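What follows is a single structure, written as structure tokens, with notes after it.
What you see below is based on every heavy atom in this structure, not just the backbone, and it leaves out hydrogens, waters and symmetry mates. Within every chain, numbering begins at 1; the chains are lettered A, B, ... in the order of the sequence lines, protein sequences first and strands thereafter. Just so it is clear, the structure is predicted and the values come from calculations on it, not from any experiment.
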There are 2 protein chains.
Amino acid sequence: MPKPQKPRNVSARSTQGVTVFEVARLAGVAPITVSRVLNEPGKVKEATLLRVRQVIEETGYVRNQIAGSLASNRTRLVAVIVPVLTNPIFSDTYQAIATWLAKADYQVLLGISGYHAEQEEELIDVVLSRRPDGIILTGTIHTELSRRRLQSTGIPVVETWDMTEEPIDMLIGFSHEEIGRREAQHLLAKGYRDFAIVEVDDPRGHRRSESFIRELALHGIAPRHRQTFHGLPALSQGRAALLTLLPLRQRPLMIVCSSDTLAHGVLTEAACQGINVPGEFAVMGFGDMNFAAFTFPSLSTVRIDGAGIGRRAAAALLERLKGNTTSPPVMMDVGFTLVDRDSTALLANPWTSTE
Amino acid sequence: MPKPQKPRNVSARSTQGVTVFEVARLAGVAPITVSRVLNEPGKVKEATLLRVRQVIEETGYVRNQIAGSLASNRTRLVAVIVPVLTNPIFSDTYQAIATWLAKADYQVLLGISGYHAEQEEELIDVVLSRRPDGIILTGTIHTELSRRRLQSTGIPVVETWDMTEEPIDMLIGFSHEEIGRREAQHLLAKGYRDFAIVEVDDPRGHRRSESFIRELALHGIAPRHRQTFHGLPALSQGRAALLTLLPLRQRPLMIVCSSDTLAHGVLTEAACQGINVPGEFAVMGFGDMNFAAFTFPSLSTVRIDGAGIGRRAAAALLERLKGNTTSPPVMMDVGFTLVDRDSTALLANPWTSTE
DNA sequence: CTGAAAGCGCTAACAT
DNA sequence: ATGTTAGCGCTTTCAG
């Protein structure tokens with residue numbers, strides 16, 4: 001039997017809500033037992049468990065995780081820093097992260113950095129003040145200060161959607177340079193020799209393009225055209241891009257886009273102009289988003305397993321939070337897949353004739 | 001001058017981090033002054049401000065908002081409950097919410113309900129335990145328990161993306177029934193008489209369709225076809241839908257889709273089959289997503305100002321949190337706009353001839 | 001403009 | 001299996 005409690009919740013500061021003390025009093029147990037019912041029910045005798053749960057039910061008690069977090073120094077909160085919510089390329093990843101974390105009773109604190117390392121730095125400050133148990137970042141490019149802050153806190157960090165030799169902590173992604181390189185090799189091997197690049201100015205897409213161009217250069221080829229749009233990739237930009245490429249139509253042209261959405265726009269404008277794809281233009285996207293297999297013609301692209309990245313990021317974090325510091329450091333390259341569809345199908349009139 | 005502090009942070013439970021007490025000691029002030037520097041810098045003398053800020057800088061102090069929230073009973077956290085992150089129709093809204101809240105130093109706690117009222121109910125429980133200062137919900141359909149819990153806490157709630165006579169608290173949205181009705185009237189007025197409905201089984205889209213059909217019925221018309229897909233709207237579904245509609249081609253058909261993505265799929269399959277839109281089929285979407293004006297042919301649709309909903313939801317919440325309980329209850333219908341583009345352009349051969 | 005004292009509601013640590 | 005004690009790190013309240 002617990003000893004009678006001192007009166008509680010009488011000061012003007014209180015929230016007036018039901019607390020563990022009230023529940024404990026009504027159930028005839030000590031507050032810590034209520035806490036155990038909530039957090040470690042296995043450690044409480046069945047009868048006590050039921051009694052406390054009934055009181056919780058009757059009183060409508062809602063636990064205060066803020067107080068719990070302060071006392072236990074664990075928040076069950078994971079901060080997820082995203083560049084934007086409006087670029088669907090990342091949606092699968094964030095959805096997977098939130099879903100898998102929720103299964104383990106962790107919640108997501110969301111931060112939007114707008115693709116800016118400086119804004120991300122501010123965000124990290126804000127977020128750290130809430131003492132998340134873990135942080136998931138999009139990308140591997142951060143300010144030096146961000147890196148130091150994150151490392152000095154010792155909070156588990158997962159970087160995603162990129163590769164680096166020196167991750168802050170854990171890393172689950174793929175190499176954008178490798179994609180550019182392999183994409184170039186792949187298209188060269190198929191016989192394409194004339195290239196145009198259509199991209200937006202997002203940092204990772206830009207690096208894919210640069211890597212693509214470097215690989216072409218190794219084969220003595222320079223792209224005939226490069227167009228960079230601002231902001232998020234949009235169908236409209238792809239359409240505009242194809243219009244500027246029309247004068248290049250004398251010879252078939254391989255149009256390499258930094259996103260499926262841009263590529264879809266190119267295909268749309270081609271359909272509008274009655275231009276045959278892949279006959280007069282071939283088109284390559286990036287992302288293998290859910291529409292890519294169903295455009296007309298179907299879009300060749302680079303498949304990224306966004307949901308897989310999210311699932312693995314969540315899993316790696318949860319593993320660490322379980323206390324498995326003995327587990328090897330996580331630095332996983334999930335890779336990518338070049339997907340050949342109709343938009344790069346070789347026709348009877350081989351492009352290799354332009355060599 | 002503050003009196004010398006009792007030793008702090010010596011127990012095994014401490015986080016070993018720098019606390020306000022340490023900062024206060026080094027700056028020669030009381031802890032509460034450090035707190036004021038952080039929260040109400042206007043109330044602190046310039047010299048003190050600078051001195052404390054310097055110590056914060058030197059020590060790398062990171063405030064603990066958990067402790068602050070417990071003491072002040074304010075978390076600066078807003079819970080945002082979304083059905084999914086992978087349906088881009090909502091992206092603008094959530095992006096706007098997070099962005100506008102961040103400007104006011106509020107952060108977003110994210111919850112994914114998967115379109116299920118029951119899952120939302122659990123989520124609300126979890127979320128309430130973190131004592132958010134506000135909650136933003138997607139939709140107005142919740143379990144009775146959810147409604148009661150939310151109302152009994154007294155936390156400001158904003159429901160979005162729908163209308164209801166009895167909002168939990170604040171409401172910023174539009175009527176899906178009204179959309180279905182107006183859409184039918186609009187298309188009937190343009191002369192269309194033969195309709196097919198293509199939709200996914202999301203609850204709000206379904207209600208738009210039902211309302212559309214009711215309005216048609218008032219004019220003695222029943223849709224000739226209705227196809228309901230499962231899951232999120234996808235281009236592939238739109239393509240599949242048009243294939244099943246091909247036998248109906250004898251007379252021109254108005255295909256009403258519950259999402260721009262479905263409609264885009266219909267247009268894609270039409271292009272693939274060499275079918276003239278709007279000649280043989282006319283197509284209507286929903287959402288006016290950023291691609292709708294740039295499909296081929298451009299897509300007639302219903303414009304929803306998703307970003308506006310998000311901005312207003314954030315603003316309404318912030319207004320309430322500023323303590324303006326005197327402000328009138330928020331119940332705003334942001335409306336919608338029927339957008340006529342090429343996919344419903346009337347041709348020389350008027351559809352009205354089929355009457 | 002600044003400070004002392006007293007909690008906020010919970011749980012770690014240590015009993016029993 | 002359950003209880004006692006003592007905080008977690010901050011901010012409210014009340015004083016000066």
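As rounded to whole Å, 13 Å separates atom C1' of C:dC14 from atom NZ of A:Lys43. Distance B:Asn39 CG to D:dT12 P: 8 Å, rounded to the nearest Å. Atom CG in B:Leu70 sits roughly 17 Å away from atom P in D:dG7 (whole-Å rounding). In this structure, the CG atom of B:Asn73 is 13 Å from the P atom of D:dT11, given to the nearest Å. Rounded to whole Å, the distance from CG on B:Asn64 to C1' on D:dG9 is 6 Å. Atom CZ of B:Arg130 is separated from atom P of C:dC10 by 14 Å (rounded to the nearest Å). For B:Arg131 and C:dC8, the CZ to C1' distance is 11 Å, given to the nearest whole Å. B:Arg25 has its CZ atom 18 Å from the C1' atom of C:dG3, to the nearest Å.
Taking both residues in full, the closest heavy atoms of B:Leu110 and B:Leu85 are given as CD2-CD1, 3.8 Å, listed atom of the first, atom of the second, then distance. Between B:Tyr106 and B:Leu321 the shortest heavy-atom distance is CE2-CD1, 3.6 Å. Residues B:Thr75 and B:Arg130 approach most closely at CG2-O, 3.6 Å, considering heavy atoms.
At the phosphate of C:dC10, neither OP1 nor OP2 sits under 4.0 Å from any side-chain N or O atom of A:Ser35. At C:dC10, none of the side-chain N or O atoms of A:Ser72 fall inside 4.0 Å of OP1 or OP2 (strictly under the cut-off).
A distance-only check finds no donor-acceptor pair linking the side chain of B:Asp92 to the backbone of B:Ala307 [under 3.5 Å]. Using a distance-only test at 3.5 Å, with no hydrogens or angles considered, no donor-acceptor pair links the side chain of B:Arg36 to the main chain of B:Pro41.
No donor-acceptor contact under 3.5 angstrom links the side chains of B:Tyr94 and A:Thr86, judged on distance only.
In this structure, the helix from C:dC1-D:dG16 to C:dT16-D:dA1 shows an angle of 20° between the axis at its start and the axis at its end, each fitted on 5 base pairs and rounded to 10°.
With contacts defined as side-chain heavy-atom distances shorter than 4.5 Å, the pair B:Arg63/B:Gln65 qualifies. No side-chain heavy atom of A:Val108 sits less than 4.5 Å from a side-chain heavy atom of B:Leu109.
A distance of 14.5 Å separates CZ of B:Arg312 from CD of B:Glu319, quoted to the nearest 0.5 Å.
Listed candidates were C:dC8, C:dG9, D:dT2. Nearest to the side chain of B:Ala71 is C:dC8. Comparing D:dT2, D:dT4, C:dG3 by their closest approach to the side chain of A:Ile32 singles out D:dT4. Counting only heavy atoms from C-beta on, A:Val20 has its side chain closest to C:dC10 among C:dT11, C:dC10, D:dG9. Looking at the side chain of A:Arg36, the nearest of the listed nucleotides D:dG9, D:dG3, C:dT2 is D:dG3. Considering only the side chain of A:Arg63, C:dT11 comes nearest among C:dT2, D:dC8, C:dT11.
In the region residues 44-57 of chain A, proximity to DNA chain D at under 4.0 angstrom, judged on heavy atoms, holds for A:Val44, A:Lys45, A:Thr48.
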In residues 159-167 of chain A, what donor-acceptor pairs under 3.5 Å come from side-chain atoms, sequence neighbours left out?
residue	atom	partner	partner atom	Å
A:Glu159	OE1	A:Ile168	N	2.7
A:Glu159	OE2	A:His142	NE2	2.8
A:Thr160	OG1	A:Leu137	O	2.7
A:Trp161	NE1	A:Thr93	OG1	2.9
A:Asp162	OD1	A:Arg207	NH2	2.9
A:Asp162	OD2	A:Thr140	OG1	3.2
A:Asp162	OD2	A:Arg207	NH1	2.7
A:Asp162	OD2	A:Arg207	NH2	3.3
A:Thr164	OG1	A:Glu166	N	3.1

